[in-house]
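Before any comments, here is the structure.
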2 protein chains.
Amino acid sequence: MARKNSETGSARRGRPPAYDAETALKRATETFWRAGYSGTSLDKVAAATGMSPPSLYAVFGNKHALYLEALARYWEMSLAATREALAGDHPLDQALMLAYEAALSIYFSGKGHARGCFVVGTAVTEVAEDAAIRKSVATGLRAIDADFEARFRRAQDKGELKPDADPATLAILASATMHTIAIRARAGASRADLSAIARKAVKVICG
Amino acid sequence: MARKNSETGSARRGRPPAYDAETALKRATETFWRAGYSGTSLDKVAAATGMSPPSLYAVFGNKHALYLEALARYWEMSLAATREALAGDHPLDQALMLAYEAALSIYFSGKGHARGCFVVGTAVTEVAEDAAIRKSVATGLRAIDADFEARFRRAQDKGELKPDADPATLAILASATMHTIAIRARAGASRADLSAIARKAVKVICG
DNA sequence: TGATTTTTATAACGACCCATACAAATATAT
DNA sequence: ATATATTTGTATGGGTCGTTATAAAAATCA
């Protein structure tokens with residue numbers, strides 16, 4: 001999508017792009033994040049990015065492809081944040097809290113009212129009638145489950161968890177906690193309340 | 001909204017309504033449930049109900065009011081199902097499973113692909129920019145939390161739960177399990193998988 | 001019957017939707 | 001300079017959006 005020529009040395013032929021696709025995608029994501037996919041018109045995206053509709057189409061294809069790319073980017077960013085939180089050698093409960101706090105930082109980013117999770121807030125609605133979005137959501141959900149489960153398995157190996165605990169079950173509960181926080185953040189809950197919810201959930205999950 | 005005259009005995013004056021507002025609301029709900037609020041046009045609702053746009057406006061006001069009424073009705077129905085499941089004198093784990101199975105019956109109702117929860121699947125998206133929908137969602141979420149918490153408190157009084165367990169915390173986890181099921185159902189998970197998830201979560205929650 | 005009341009469907013309004021045709025603008029290549 | 005390549009903004013299709021004006025239809029009341 002981004003045409004690079006820095007490696008060839010020879011400069012590109014035509015008129016140079018006035019916009020950066022990367023920052024345009026970020027702005028588009030912000031717009032979708034608020035009003036959802038169906039609730040966001042291409043004119044809104046054009047206004048948010050400063051680009052004209054033809055430029056948007058030249059770079060991203062169409063509205064659907066643009067949203068799919070925003071969704072893929074969000075999953076990358078979101079999964080990376082979770083993995084980084086779980087990767088270190090903190091105690092289990094601290095690692096989980098790092099993951100939730102990282103998520104909350106995303107959910108409460110941006111100006112104004114909290115937007116919650118991009119996936120829960122915009123993709124889940126479309127999933128019922130859009131196979132491509134459904135596939136992205138299903139894959140992403142499984143990935144988070146797997147990351148949590150791997151962390152619980154590691155904790156069990158290190159003796160941080162009772163031997164009879166089931167890492168897969170705890171992973172579902174950890175994901176469920178993430179999902180409830182995502183919903184509540186968009187519905188208006190305060191960050192402090194959601195932090196407290198996460199702390200209490202972690203206590204139960206860690207036994 | 002529904003004008004009743006059966007009690008007066010005297011028949012109504014003008015042309016009799018050709019449509020039942022109650023069934024029209026159900027059909028409208030089905031339509032919103034699939035494509036969401038922004039993704040559903042009034043023409044779609046008109047087609048689903050068989051009513052013409054002016055008739056819809058005469059009965060429900062406008063698209064927004066129609067959706068709000070559908071949302072309110074869904075909360076009523078959904079909360080009643082949860083309360084009925086939790087009200088009986090079943091053991092705690094069985095009561096919780098009854099609640100989850102009742103929810104799954106709703107999420108997997110209708111033809112074709114599972115629609116999940118109406119609130120999670122359609123309202124959560126709009127919540128960011130629609131104060132009326134946000135209020136309904138926030139109130140409903142609190143109501144479910146409260147119902148779960150009351151049941152846990154009752155269980156603790158009956159000695160079904162350890163004395164040091166916190167009913168409010170367990171209620172959040174029970175709600176979280178409901179939310180994750182709602183999301184996963186719409187994203188394509190099978191009912192059997194979601195039943196299994198609920199069973200495992202209940203085991204952890206009940207200690 | 002004719003007046004009144006209420007619901008109905010047709011048709012249309014302006015605004016907005018996604019997408020594109022077009023030509024001007026701006027770069028390199030010859 | 002001229003040709004070629006690429007991106008740009010304007011302007012605009014053709015369609016759909018939410019909503020409403022209008023009048024015919026179908027009932028009761030006088």
Side-chain angles (χ1 to χ4, degrees), chain A residues 1-25 27-28 31-32 35-70 126 129-130 132-133, chain B residues 1-25 27-28 31-32 35-70 126 129-130 132-133:
Chain A
M1 205 112 297
R3 299 169 191 76
K4 42 190 166 179
N5 64 318
S6 47
E7 33 214 289
T8 76
S10 75
R12 288 190 36 71
R13 196 67 137 54
R15 177 173 174 172
Y19 308 106
D20 176 38
E22 212 62 31
T23 65
L25 184 56
R27 300 273 167 79
T31 313
F32 284 129
Y37 173 70
S38 296
T40 300
S41 69
L42 224 91
D43 281 3
K44 282 187 186 175
V45 176
T49 57
M51 296 171 70
S52 62
S55 293
L56 282 171
Y57 277 82
V59 177
F60 298 107
N62 58 19
K63 185 192 174 187
H64 191 250
L66 170 57
Y67 178 80
L68 280 179
E69 196 156 335
E126 308 301 327
E129 291 196 322
D130 190 312
I133 299 180
Chain B
M1 204 113 296
R3 299 168 190 76
K4 41 189 166 180
N5 66 316
S6 47
E7 33 214 290
T8 75
S10 74
R12 289 190 37 73
R13 196 66 139 56
R15 177 172 175 172
Y19 308 106
D20 176 38
E22 212 63 30
T23 64
L25 183 56
R27 299 275 168 78
T31 313
F32 284 130
Y37 174 70
S38 297
T40 299
S41 70
L42 223 90
D43 282 3
K44 282 187 186 175
V45 177
T49 57
M51 296 171 70
S52 62
S55 292
L56 282 169
Y57 276 80
V59 177
F60 298 106
N62 58 19
K63 185 191 174 186
H64 192 249
L66 170 57
Y67 178 81
L68 280 179
E69 196 156 334
E126 308 301 328
E129 291 195 323
D130 189 312
I133 299 181

* Determine, step by step, whether His64(B) and Ile133(B) satisfy the side chain to side chain contact (heavy atoms under 4.5 Å, CB included) criterion, reporting the C-alpha distance in whole Å, the side-chain angles of both residues, the deciding distance to 0.1 Å, and the verdict. => CA-CA 9 Å; His64(B) 192 249; Ile133(B) 299 181; 4.3 Å; yes
Have a look at [X] and say if it touches a base, only the backbone sugar-phosphate, or nothing, with a 4.0 Å heavy-atom cut-off.
X	value
Leu42(B)	base
Pro16(B)	sugar-phosphate
Pro17(A)	sugar-phosphate
Ser52(B)	base
Thr40(A)	sugar-phosphate

* Determine, for Phe32(A) and Lys63(A), whether the Lys NZ or Arg CZ falls below 6.0 Å from the six-membered ring centre while staying within 45 degrees of the axis. => no
Separation of [X] atom [atom1] from [N] atom [atom2], in whole Å?
X	N	atom1	atom2	result
Leu56(B)	dT20(D)	CG	P	13 Å
Tyr57(B)	dA9(C)	OH	P	16 Å
Met51(B)	dT6(C)	CE	C1'	14 Å

* What's the shortest heavy-atom distance between Glu129(A) and Ala35(B), and which atoms? ->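 Of all heavy-atom pairs spanning Glu129(A) and Ala35(B), the closest is OE1-CB, 3.4 Å.
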* **Minimum heavy-atom distance between Phe60(B) and Ala65(B), given as atom pair plus value** => O-CB, 3.3 Å
* **Ala46(B) backbone acceptor or donor facing Thr49(B) side chain under 3.5 Å** =>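 Side chain of Thr49(B) to backbone of Ala46(B), a donor-acceptor pair under 3.5 Å: yes, one is there.
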* Asked: Looking at dC18(C), dT19(D), dG18(D), which one has an atom nearest to any side-chain atom of Ser41(B)?
  -> dG18(D)
* To do: Would you indicate which nucleotide in dT20(C), dT26(C), dT8(C) comes nearest to any side-chain atom of Arg15(A)?
  =>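 Nearest to the side chain of Arg15(A) among the choices is dT26(C).
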* **Distance-only donor-acceptor test, Arg13(B) side-chain atoms vs dT6(C) base atoms, 3.5 Å** => no
* Would you kindly compare Lys63(B) and Gly14(B) by the position of their nearest DNA chain D nucleotide and give the one closer to the 5′ end? =>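 Its nearest nucleotide lies further toward 5', so the answer is Lys63(B).
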* To do: For dG18(D), take OP1 and OP2 only and decide whether either is under 4.0 Å from a side-chain N or O of Tyr37(B).
  => no
* Structure fact -> Closest to the 5' end of DNA chain C, once Asp43(A) and Pro53(A) are matched to their nearest nucleotides, is Asp43(A)
